[in-house]
Each structure stands twice: as C-alpha cells, then as structure tokens.
Amino acid sequence: MLLRFQRFVLPLLLLTLPLLIVSVSSATTVRKKAQQAQIASNMRQVALAFHIRYTSSGVDYTPDKLQDMEAFLYELAQVELFDAVLFHCYPDELNFKARAPEITAYRSDAGKLVFESEILNYPIAYSVAVYPDLNQPASMTPLLWTRGLHHYASFDRPYAGHIAFLDGHIIHVEGTPGSPDPELSDYFGPNSEFSKAIRILEHEPEGWSEEPLAPLPIRYDAEFSPSFVDKYGFLLFIFGPGLIAGVLVMALPKPSKWQRIRSGLIAFALVFTATLVLSAMTC
C-alpha cells in the first residue's frame, strides 16, 4: 500500500499542488479584473446618460442647474437612468446601516418623474465635474471619477480608481504615495481640462466621514499595519508549494536520513520549478 502511494499518489499530489495554488491566485486576479470591469461598465452607463441628456435629446447644458449631486442625479433620471446600484461603491456598502436603495427615481402613472430622496442617505461613489460649457476636448475632459481621486497628491496609501470622460471612455489608474499614475497629472493637473471646472459635485451623508470606511476609494487617512500575508504573500506563493512537497516526501519512510533529505530536495526543486512555470503562463 505504501509503495503504491509512493509510486502513484505522491507524484500526482506533487503535480497538483502548484497547479492548485496558481489556480487560486489566478482566480483572485480574475475577480479583481471582473470588479474593475463592472465599475467601468457602471460609469460608462452614467456617462452615456449624461451624453444623451445634453446632446442627443437636444436639451441645453445649463451648469447653473447642477449645484449639487441631487440635481445631477435628477438630470440623469430625465433619460430613465433610475438604477441606484450604478452609484454605489462596495466599500461604502460595507458600512450601510440599512439596505441601500435600488432606484433613484421612477415615473408615476401620470408619467411624472418622481425623485427618490432616499438615495441621499447614502454616499455617492463618484466625484462629478461641472464645466461652464461642454465645448472641450471630450476625450481629455473628466466628467466623473472615483470619489476623491482628484486629491491623489495628498494620499498617503496605495490607491486605485476610474475616470470617465465626456466622450464616455473609461480608464483605470492607480499609484502609491509619491509615485502617482502619470495620467493623473494630465487629467487633474493645473493645465488640464479639469482645471476649467467651475465646481465639483460630491455627496456624503452627514456624519459619514466618521465611519470606519475601507481605504478605497473614499478614505485614506486611517492607518492599517500590513498583515503577514501582505508583506510576504509573494514569497509564500512561490516557495510554499515546494516546501510543502519537500516536507511530505521527507516524511515518507526511506532507508536512510540522507535519502529522505535528497528526495525532499528533489521534490522541492520540481514543485518550485512547476510553480514558477505555471505562474509565468498565467500572468
């Protein structure tokens, strides 16, 4: 029985272990990419509704109407953008004391637009720029972005976010303190189209700034000590499977201690190499 384990089960385990570890890591990466894609999709729908409201529908852009976030949401509702989920942020939702609203407005039986003010009990995930007019380079003019992202120069922690432009395209940016994404200065710098904005619309309910919010994309002021996994996760990922395989092999009965050590080193080398190869293939 033991011989059969050594011949068949153990080699299968050694081959499966790195594949399993890499698969878990790849799944995490896929989830992160999927979340980014969902955020980009949400912002694109908002930017499209804005575009329809002030171009396709023939309504004049009147910046005086856009004095606060409620007014912005109301204008979007005019073109049937009622889905409140588009304006929520997952880190915010972790701090909701009640269920978040699902709609921002609805049409009554008489066809009248009814705005649901309940949405204002929750933070809106975006900052929105109001310009004197829309006669600006559409592909270079930020319309809305991850709330507070324009303050990137003051961030003291790693960050990431999205920007939606007047033409509807979305980009993802990220950086660390002192090393911002170069595109951020192009889009939010003093010589950017953003500098022409006459006001920035944001919405956080009263007292929200006192909540223990997640670091992105809202709060960057709370300090958290990095965990052991944050510090050494990559090393654990690369060397962990090989070390586990080596220990398992060394635990098997062998004629001598040196044979166990040699077999353990060989198992470590094989699994370590397999982990590197699989990591390179999935990156």
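To the nearest 0.5 Å, the span separating CZ on F50 from OG1 on T55 amounts to 9.0 Å. Atom NE2 of H51 sits about 9.0 Å away from atom CG of D167, to the nearest 0.5 Å. For the atom pair OG (S185) and CG (N191), the distance works out to 10.0 Å, reported to the nearest 0.5 Å. To the nearest 0.5 angstrom, Q136 atom CD is 5.0 Å from E193 atom CD. One distance of note links CD of E70 with CG of L120; it measures 5.0 Å at 0.5 Å rounding. Between the CG atom of L86 and the CD1 atom of I124 there is a distance of 10.5 Å, given to the nearest 0.5 Å.
Side-chain contact between W145 and H162: absent, with no pair of heavy atoms (C-beta onward) separated by less than 4.5 Å. Taking the side chain as every heavy atom from C-beta outward, I52 and L81 never approach each other to under 4.5 Å. Two residues are said to be in side-chain contact when any heavy atoms from C-beta on lie closer than 4.5 Å; Y122 and F87 fail this criterion. Side-chain contact between F194 and I200: present, with at least one pair of heavy atoms (C-beta onward) separated by less than 4.5 Å. When side chains are defined from C-beta on, R107 counts as touching F82, because their heavy atoms get closer than 4.5 Å. At least one side-chain heavy atom of I171 sits under 4.5 Å from a side-chain heavy atom of Y187. The side-chain heavy atoms of I119 and P101, taken from C-beta on, include a pair separated by under 4.5 Å. V130 has its side chain out of reach of F72: every pair of non-hydrogen atoms, C-beta onward, lies at least 4.5 Å apart.
A donor-acceptor distance shorter than 3.5 angstrom exists from the side chain of D181 to the backbone of E183, with no hydrogens or angles considered. Remark: the backbone N or O of H151 is paired with a side-chain donor or acceptor of S154 at under 3.5 angstrom. With hydrogens and angles disregarded, a donor-acceptor distance shorter than 3.5 Å links the side chain of T141 to the backbone of P137. At least one donor-acceptor pair closer than 3.5 Å links the side chain of Y61 to the backbone N or O of Y131.
Pairing each heavy atom of S127 with each of R147, the nearest pair is OG-CA, 3.4 Å. Of all the heavy atoms in P63 and R199, the pair that sits closest is O-NH1, 2.9 Å. Contact detail for S192 and D186: the closest heavy-atom pair is CB-O, 3.0 Å. In plain terms, the two heavy atoms of H88 and A100 that are nearest each other are CE1-CB, 3.4 Å. Nearest heavy-atom pair, G168 versus A47, reported as atom, atom and distance to 0.1 Å: CA-CB, 4.1 Å. Listed here is the closest heavy atom pair of H172 and A160: NE2-CB, 3.8 Å.
Residues M43 and V79 do not share a hydrophobic cluster, defined by chaining ILVMFWY side chains whose heavy atoms lie under 4.5 Å apart. Put simply, V85 and I170 are part of two different groups of oily side chains (I, L, V, M, F, W, Y) that touch within less than 4.5 Å, one to the next. Both L144 and M140 are assigned to one and the same hydrophobic cluster, defined by single-linkage of ILVMFWY side chains at heavy-atom distances under 4.5 Å. By the rule that hydrophobic residues join a cluster once side-chain heavy atoms approach within less than 4.5 Å of another member, F115 and Y106 end up as members of separate clusters. Cluster membership check: L134 shares its hydrophobic cluster with L66, using side-chain heavy-atom separations under 4.5 Å among Ile, Leu, Val, Met, Phe, Trp and Tyr.
With a 6.0 Å radius and a threshold of 12 heavy atoms from other residues, nucleotides or ligands, E102 has its CD atom at or below the threshold.
Using bins of under 30°, 30° to 60° and over 60° for the plane-to-plane angle, the ring pair F188/Y152 lands in the tilted bin. Ring geometry for F155 against Y159 counts as perpendicular: the plane angle is over 60°, on a 0 to 90° scale with 30° as the lower cut.
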Next on the checklist: Could you go through T146 and V173, starting from their C-alpha distance and side-chain angles, then the distance that decides it, and tell me whether this counts as side-chain contact (heavy atoms from CB on, under 4.5 Å)?
Outcome noted: CA-CA 10 Å; T146 301; V173 293; over 6 Å; no

Item to check | CA sep, side-chain torsions, deciding dist, call: Y126, L201, side-chain contact (heavy atoms from CB on, under 4.5 Å) | outcome: CA-CA 8 Å; Y126 311 124; L201 308 181; over 6 Å; no

Next on the checklist: side chain to side chain donor-acceptor pair (under 3.5 Å) for Y54 and E75? Distances and angles first, verdict last.
Outcome noted: CA-CA 9 Å; Y54 294 116; E75 288 295 297; 2.9 Å; yes

